[in-house]
Number of protein chains: 2
Amino acid sequence: MSKTVDFFWDPASTYSYLAATQIEDLARRCDAQINWKPFLLGKVFEATGNKMPAALPSKGKYLFRDARMWAKLYGVPFRFPKIFPLNSVLASRACLAAANQGKGVEFSLALLKAYWADGQDPSQPEVVSAIAGSVGLDGPALLAATQEPAVKDALRANTEEAIRRGAFGAPTFYVDEEMFWGNDRLGLLEAYLKGELS
Amino acid sequence: MSKTVDFFWDPASTYSYLAATQIEDLARRCDAQINWKPFLLGKVFEATGNKMPAALPSKGKYLFRDARMWAKLYGVPFRFPKIFPLNSVLASRACLAAANQGKGVEFSLALLKAYWADGQDPSQPEVVSAIAGSVGLDGPALLAATQEPAVKDALRANTEEAIRRGAFGAPTFYVDEEMFWGNDRLGLLEAYLKGELS
């Protein structure tokens, strides 16, 4: 029986980007399905009292080098964004709207790369529109869809669901009731999906 | 040329225990040397403004399950201590005193297991003495050595060195100028030592 992984992520989160580059390959190796669920990490921080890692200077300094090492390990491009932190509301809504058109994963990966490797600012509508075009979606139509109540509600619902299920950071993964926090838990998630931790 | 890994750890830290169970095997695979450096994590938190993970309730709840999964992955025993957090000053000094007698790694691993798997309380002198005996050291002599100024100074120096080098948590590893934070960075550390990240 194929397992489903709920993958809560925020375009503004460095480790969400890193994990996103790996998660579909992991799913293939484990015969699992990934349910991509963008959420608002800032709201999760508010609700739980957690803070972004860079709020602690020594941690922020380390995480910059750390992220570069993970990118090397994964063989994916990484360049720290000029615009940081990112207001990711529009970008996250766009990912949900793209999913409604069957291109959620493709668009989300393109958007993450635009921000985390190519120096683009996906808080800007014209940037989101261009990314949509690059994966064969109609940019202006996707932007219009980001303003639909159903799309706004879906983002809010994902955020509330993550908080309810115990998330305090990103990325956070769930398989049934089991939670995995962080890009650095992908190995543990894979072992769990393969039944190696029971 | 064999590399040296400075391994900063605290007996009171869950992830220090988990990493300690793996680090000597990792060193063998990488032809590296591990320089075990117990330090006072509480002082590092004070100096950096960081807090123990369990200070955030949602994180504390997760970390308990997380640690159990890592222990399963590694195949090592784990039982959350009754006495928590641990005042680890005596235990850490004892590890340094044991190292002066050529049994630092053996004693440290025995002490970590006593606390993180066997429900013992190594803030108590008689417990430390018994652990010393279990690895062929003279317990009363080791306890006496924990009160030597040179041993106390060594623990303080390790702590100050870690803060100076940018540590804000435990375990923290250094290879030359490169820093790795957390049990969950062992894979990255291994790739680095094998020259796979350059």
Side-chain angles (χ1 to χ4, degrees), chain A residues 15 18-19 22 44-51 53-75 78 162-169 172-175 177-198, chain B residues 15 18-19 22 44-51 53-75 78 162-169 172-175 177-198:
Chain A
Y15 294 107
L18 290 165
Q22 306 301 305
V44 173
F45 286 160
E46 275 177 33
T48 59
N50 201 6
K51 288 184 180 150
L56 196 77
S58 52
K59 194 182 277 190
K61 192 175 165 191
Y62 167 67
L63 293 188
F64 177 69
R65 296 179 70 94
D66 180 58
R68 287 177 53 212
M69 281 200 278
W70 283 103
K72 274 190 190 169
L73 185 73
Y74 290 162
F78 180 79
I163 294 166
R164 196 175 59 242
R165 294 173 82 174
F168 49 84
T172 300
F173 309 89
Y174 293 92
V175 184
E177 298 306 305
E178 205 64 65
M179 171 174 156
F180 300 84
W181 168 52
N183 164 67
D184 45 34
R185 293 302 182 276
L186 288 180
L188 215 52
L189 173 62
E190 181 158 357
Y192 181 81
L193 288 169
K194 290 178 173 170
E196 296 168 4
L197 297 185
S198 48
Chain B
Y15 295 107
L18 290 165
Q22 307 300 305
V44 173
F45 286 159
E46 274 177 34
T48 59
N50 202 6
K51 286 182 180 152
L56 195 77
S58 52
K59 194 181 278 190
K61 193 175 164 191
Y62 167 68
L63 293 188
F64 177 70
R65 296 180 70 94
D66 180 58
R68 287 177 51 211
M69 281 200 280
W70 283 103
K72 274 191 191 169
L73 185 73
Y74 291 161
F78 179 79
I163 294 166
R164 197 173 61 243
R165 295 174 81 175
F168 49 83
T172 301
F173 308 89
Y174 294 91
V175 184
E177 297 307 304
E178 206 64 65
M179 170 172 156
F180 300 84
W181 168 51
N183 164 67
D184 44 34
R185 293 302 183 276
L186 287 180
L188 214 52
L189 172 62
E190 181 157 356
Y192 181 81
L193 287 169
K194 289 177 173 171
E196 295 168 3
L197 297 185
S198 46

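Keep in mind the model is a prediction, meaning the values are calculated, not measured. The chains referred to below are lettered A, B, ... by the order of the sequence lines, with proteins before strands, and numbering in each begins at 1.
Taking CG of A:Asp184 as the start and CG of B:Asn183 as the end, the distance is 9.5 Å to the nearest 0.5 Å.
Proximity to chain B at a heavy-atom threshold of 4.5 Å picks out A:Leu188, A:Ala191, A:Tyr192 from residues 187-195 of chain A, in numerical order.
For a residue to count as touching a neighbouring chain, one of its non-hydrogen atoms must lie under 4.5 Å from one of that chain's; by this rule B:Lys61 does not touch chain A. Contacts between B:Leu73 and chain A at a heavy-atom distance below 4.5 Å involve backbone atoms as well as side-chain atoms.
Taking each heavy atom of A:Phe168 and B:Leu56 in turn, the nearest pair found is CB-CD2, 4.2 Å. Nearest approach of A:Gly166 to B:Ser58, heavy atoms of both residues: O-CB, 4.1 Å.
Counting heavy atoms from C-beta on, the side chains of B:Trp181 and A:Asp66 never come closer than 4.5 Å. At a threshold of 4.5 Å between non-hydrogen side-chain atoms, the residues A:Arg185 and B:Met69 do not count as touching.
The neighbour count for B:Arg165 CZ, taken as heavy atoms of other residues, nucleotides or ligands under 6.0 Å away, is above 12.
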